[in-house]
Amino acid sequence: QLQLVESGGGLVQPGGSLRLSCAASGFTLDYFGIGWFRQAPGKEREGVSCISSSGGSTNYADSVKGRFTISRDNVKNTVYLQMNSLKPEDTAVYYCAAETDTNLSLLRGPSLHSYDYDYWGQGTQVAVSS
């Protein structure tokens, strides 16, 4: 059974850091681009960051550029999102998702659009508050 499991969420003060993990089970992430998305109460889900299957290409939403870093360890079958300088507006449930490599996706590069993704985790809550 293909499964993505997020972890690492929690409560942090503004300016603090968290590292989220997205672990895959039942399949290898070697042939999947991975995206991180978030959804705050009353708001639509938005793409935060994404990384290609090789790890050679990344993309970030403007709101997190310079603060968040995505990385992957295909040996550990895990993708990470390092979040620094957290702000209250970063509060949301964070989801990771996997997009199967295709000729199109490899040409396009990693996507911040949720409709491009095939498999989703259950999410982890991040709360930034003093």
Group every Ile, Leu, Val, Met, Phe, Trp and Tyr by side-chain heavy-atom contacts under 4.5 Å, then state whether Leu81 and Val93 land in the same group.
->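 Different clusters: Leu81 never reaches Val93 through Ile, Leu, Val, Met, Phe, Trp or Tyr contacts under 4.5 Å.
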Between [X] and [Y], is any pair of side-chain heavy atoms under 4.5 Å apart?
X	Y	value
Val79	Leu4	no
Ser71	Gln82	no
Arg38	Ser63	yes
Tyr119	Glu99	no
Phe68	Trp36	no
Pro88	Pro14	yes
Thr91	Gln125	yes
Val5	Gln122	no

Short side-chain to backbone donor-acceptor contact, [X] and [Y], under 3.5 Å:
X	Y	value
Ser57	Gly109	no
Glu6	Gly123	yes
Ser53	Gly33	no
Asn74	Asn77	no
Thr78	Lys76	yes
Asp118	Thr100	yes

Steps toward side chain to side chain contact (heavy atoms under 4.5 Å, CB included) verdict (Thr58, Ser52) = CA-CA 6 Å; Thr58 59; Ser52 62; over 6 Å; no
Taking atom CD of Gln3 and atom OG of Ser25, what is their separation to the nearest 0.5 Å?
->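 Output value for this atom pair is 4.5 Å.
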Separation between NZ of Lys65 and CG of Asn59, rounded to the nearest 0.5 Å |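 One finds 6.5 Å between NZ of Lys65 and CG of Asn59.
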Heavy-atom closest contact ([X] atom, [Y] atom, distance):
X	Y	answer
Ala97	Phe37	CB-CE1, 4.1 Å
Thr124	Gly9	OG1-N, 3.2 Å
Cys22	Leu29	O-CD1, 4.5 Å
Ser85	Ser17	N-OG, 4.4 Å
Ser111	Asp116	OG-OD2, 2.6 Å

Where do Leu11 and Ser129 land on the side chain to side chain contact (heavy atoms under 4.5 Å, CB included) test, with the steps shown first?
-> CA-CA 7 Å; Leu11 174 64; Ser129 175; 4.2 Å; yes
Check Val48, Thr69, Leu112 against Tyr60 for a side chain to side chain contact (heavy atoms under 4.5 Å, CB included) and give me the one that passes.
->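 The side chain to side chain contact (heavy atoms under 4.5 Å, CB included) with Tyr60 is passed solely by Thr69 among Val48, Thr69, Leu112.
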Sequence neighbours excluded, which residues qualify as side chain to side chain donor-acceptor pair (under 3.5 Å) partners of Tyr95?
->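 Residues passing side chain to side chain donor-acceptor pair (under 3.5 Å) with Tyr95: none at all.
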Who are the side chain to side chain donor-acceptor pair (under 3.5 Å) partners of Arg67, not counting sequence neighbours?
->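 Scan of Arg67 (side chain to side chain donor-acceptor pair (under 3.5 Å), adjacent residues dropped) gives Asp90.
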Check against side chain to side chain contact (heavy atoms under 4.5 Å, CB included), Leu20 and Val126 = CA-CA 9 Å; Leu20 304 184; Val126 171; 4.0 Å; yes
Would you verify whether the NZ or CZ of Arg19 falls within 45 degrees of the ring axis of Tyr80 while also being under 6.0 Å from that six-membered ring's centre?
->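 Ring-cation test returns yes.
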List the steps, then state whether side chain to side chain contact (heavy atoms under 4.5 Å, CB included) holds for Ile34 with Arg72.
-> CA-CA 9 Å; Ile34 302 296; Arg72 64 190 298 156; 3.9 Å; yes
Check the angle between the aromatic planes of Trp120 and Tyr117 and answer parallel, tilted or perpendicular using the 30° and 60° thresholds.
->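 Rings of Trp120 and Tyr117: perpendicular, over 60°.
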Indicate yes or no: does Lys43 engage Glu89 in a salt bridge with an N to O separation below 4.0 Å.
->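 Here Lys43 does not pair with Glu89 in a salt bridge, since their nearest N and O are not under 4.0 Å apart.
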